[in-house]
Amino acid sequence: MSADVLVRRVVRGATALRGGAAWRPTPYQLFGTLFWLVMSLAYWRVPLCCDAGQHAAVVERLKAHLLHPLHPMADLPGAGSPYYSPYAVAQGAFARLTGLGGWEVVRLSGPFNLLVLLTGIGRFVRVLTPRQWAPVLGLFAMVLLWGTERAWWSGYLGLMSMTGNLGYPSTFAIGLAFWAWALTGACAGGIDGPVRYVGPSGLRSLWGYKGLGALYGLILLVHPITSIAAVLGAVAFVAGWQRGWRPAVVGRWVMAGGTAMLVASFWPYFDVFALTGDRSVDAMHERLYEGMPGHFWLALIGVPALWLRARRAKRSEGHWWRDPLVLMFALECLAVAYGWVSGHYTYGRILGLTLVPLQFALGVELATPRPWGFGRRLLSWTAAAGACVGFLTVQAGAVVPRALDPVGFDRPPHWPTYAWAARHIEPGEAVITDGYYSVHLIAGYGPDLAAPAWPDLALAEGERLRRLAAVRAYLDPASTRAERSAVARRYHVRWLLLTRWRRVPEEATVVAWSRQTGEVLARVGP
């Protein structure tokens, strides 16, 4: 056969269209898909609880009045409520189109938010390194390396807390933050500085910077506290990687920041900048600073990896803060410390994201090709041991079915549902309740509360506290019928949802009761 004859491999099937080898998933695509399936099933398995009632109530109000929703939990105007974010409005529009209720929409939002989060993590790690196993290791560090005491807060992304908060706006905002960091790194690392493993060069156009700014503005509107961590991460990438601060370069970053402010300021449902001086939720967040060692100590396994990155940056760039993960961790620690010192404890909400540099620095370091020295082997053994400890002490109950549980792992909270009561209550009718679960959940079915459970800028905090005092007076065993009637008239109360140890007032008529909790639903008035 002549040497000029080209021998071609026969290509069959779908690959014949491309004339190349068959597509193979990367390790992260494979493990990320499996993780998405497992966590979506785990999230659907656990009854929604805690803040889910508030978010379901927001969807219900937007479903009823998309453009001018009422207060999420009371028969009051809702103008100015920060719960009516672009994310919530999209949920409300989806509920109107499909006819689904608030609880169903929040439930369906979980897998969608998780998809945004996982794709964002993939892009974020790709900016840091081309190592294919780095995002896999970073993901498992993120969900396992927390502590040995349960940390159950919105925005905390351990396996256990994910079973409760995947459907929350905070999870969606964190997913967007990973995307924003990846795109910021692409812009900062590819203009004048060294070329890094970034996305398409079109990101560095003027429209790319405007789009990046719009993304940060969206994060600010969806979950303002997450936007603080997102901006600190952006500062870390820009300060660490940007080179050649020409006027044009400075102008592009100023344009990105200005776009973020414009997007946030033109949102018609509320003024996000009015939140800066609001301290109404600081008291409830003081608990974030309590028990921090027990909640987070396993994440400290990533400190050596972060230290190695700082040392490399100092050796190659002249400054330790040239590494974005190192600077991100330092800035977020300062923000958390400011929250503690100032008493503005809401800043503690970024504690979960403060662990991200530690967890992903560890993932990148352990994805280094072999052979390894003793130090890296020791770090890998320590990380594996820490992941096992975190899984067995806190996280296992989130994903291990009870039938396969050999030791009785701690389980996610299992709150009751109130569909049995909501069947009798018309949307918008006011309820007085004395139960911890019911006060957090019943508004998610459409009814209003005489006294909203959470602070909200749409309702003056003084008025909310007066309503709480009126409800306590109504439920006081020493209250008279006339006093109770006055409260019921003032707040248009039609229903009482009472725990089994609370006496039903003589003027109320019992309509239904729960076999699960013993609570009773009683009608007030005709």
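Residues take their numbers from the sequence shown, with the count starting at 1. Heavy-atom basis, side chains included; hydrogens, waters and symmetry copies ignored. No experiment lies behind these values; they were computed from the predicted model shown.
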Under 3.5 Å donor-acceptor, N113 side chain and L166 backbone: yes
Extract all donor-acceptor atom pairs below 3.5 Å that involve side chains of residues 231-239 and protein atoms in other chains or at least two apart in sequence.
none

Would a 4.5 Å heavy-atom cut-off, applied to side chains only, mark V127 and W241 as touching? yes
Between Y28 (side chain only) and A134 (backbone N and O only), is there a donor and an acceptor less than 3.5 Å apart? no
Salt-bridged, D448 to R61, with N to O below 4.0 Å? yes
Atom CE of M292 and atom CH2 of W340: how far apart are they, to the nearest 0.5 Å? 9.5 Å
Sidechain-backbone polar pair: W420 side chain, W513 backbone, donor-acceptor under 3.5 Å: no
Going through the distances and angles, do F112 and Y87 end up as a ring pair (Phe, Tyr, Trp, His ring centres under 6.0 Å)? CA-CA 12 Å; F112 172 76; Y87 174 83; 7.6 Å; no
N165 and S154: side-chain donor and acceptor closer than 3.5 Å? no
Pairs touching residues 90-118 that satisfy salt bridge (charged side-chain N to carboxylate O under 4.0 Å, His left out), sequence neighbours left out: none
Residue pair F31, W133: steps toward the ring pair (Phe, Tyr, Trp, His ring centres under 6.0 Å) verdict: CA-CA 10 Å; F31 283 95; W133 283 95; 5.7 Å; yes
Any donor-acceptor N or O pair under 3.5 Å, side chains W179, T119: yes
Evaluate Y83 against W454 for ring pair (Phe, Tyr, Trp, His ring centres under 6.0 Å), listing each step before the verdict. CA-CA 11 Å; Y83 288 102; W454 284 275; 7.6 Å; no
Any heavy-atom pair between the side chains of W153 and L351 that's under 4.5 Å? no
Do L221 and V272 come close enough that some side-chain heavy atom pair is under 4.5 Å? yes
So, S161 side chain and Y156 main chain: donor-acceptor pair closer than 3.5 Å or not? yes
Run the ring pair (Phe, Tyr, Trp, His ring centres under 6.0 Å) test on Y289 and Y345 for me, step by step, so that the C-alpha distance in whole Å, both residues' side-chain angles and the decisive distance to 0.1 Å come before the verdict. CA-CA 8 Å; Y289 290 88; Y345 299 114; 5.7 Å; yes
Among pairs that include at least one residue of residues 34-56, which meet ring pair (Phe, Tyr, Trp, His ring centres under 6.0 Å), considering only residues two or more places apart or in two chains? H55-Y168
Tell me the salt bridge (charged side-chain N to carboxylate O under 4.0 Å, His left out) pairs involving residues 339-359, sequence neighbours left out? none
Using residues 373-399 as the side-chain source, report each donor-acceptor pair under 3.5 Å to any protein atom, sequence neighbours left out, with the distance given to one decimal.
from	atom 1	to	atom 2	distance (Å)
R376	NE	E365	OE2	3.3
R376	NH2	E365	OE2	2.5
R377	NH1	W372	O	2.8
S380	OG	R377	O	2.6
T382	OG1	L378	O	2.8
T393	OG1	V389	O	2.6
Q395	OE1	L159	N	3.1
Q395	OE1	M160	N	2.8

Value rounded to 0.5 Å, distance of OH in Y216 from CG in L176: 11.0 Å
Check whether any side-chain heavy atom of W267 sits under 4.5 Å from a side-chain heavy atom of L218, and report yes or no. no
Mind checking whether H440 and W415 have parallel, tilted or perpendicular rings, split at 30° and 60°? perpendicular
About how many Å separate CG of L358 and CG of L362, when rounded to the nearest 0.5 Å? 9.0 Å
Over 12 non-hydrogen atoms of neighbours within 6.0 angstrom of CZ in R402: no
Got a second to check how far M284's CE is from D282's CG, nearest 0.5 Å? 9.5 Å
Kindly compute the distance separating OH (Y445) from CD (E60), expressed to the nearest 0.5 Å. 10.5 Å
Any heavy-atom pair between the side chains of R309 and V364 that's under 4.5 Å? yes
Ion pair present between E461 and R464, side-chain N to carboxylate O less than 4.0 angstrom? yes
Is there a side chain to side chain donor-acceptor pair (under 3.5 Å) between Y418 and E519 once you walk through the steps? CA-CA 10 Å; Y418 287 88; E519 292 170 292; 2.7 Å; yes
Strictly distance-based, threshold 3.5 Å: is any side-chain N or O of S85 a donor or acceptor partner for the main-chain N or O of A88? yes
Got a donor-acceptor contact below 3.5 angstrom from the T171 side chain to the G167 backbone? no
First locate atom CG of L325, then atom CZ of F124, and finally report the distance between them rounded to the nearest 0.5 Å. 5.0 Å
Checking R131 now: which residues fulfil salt bridge (charged side-chain N to carboxylate O under 4.0 Å, His left out) with it, not counting sequence neighbours? none
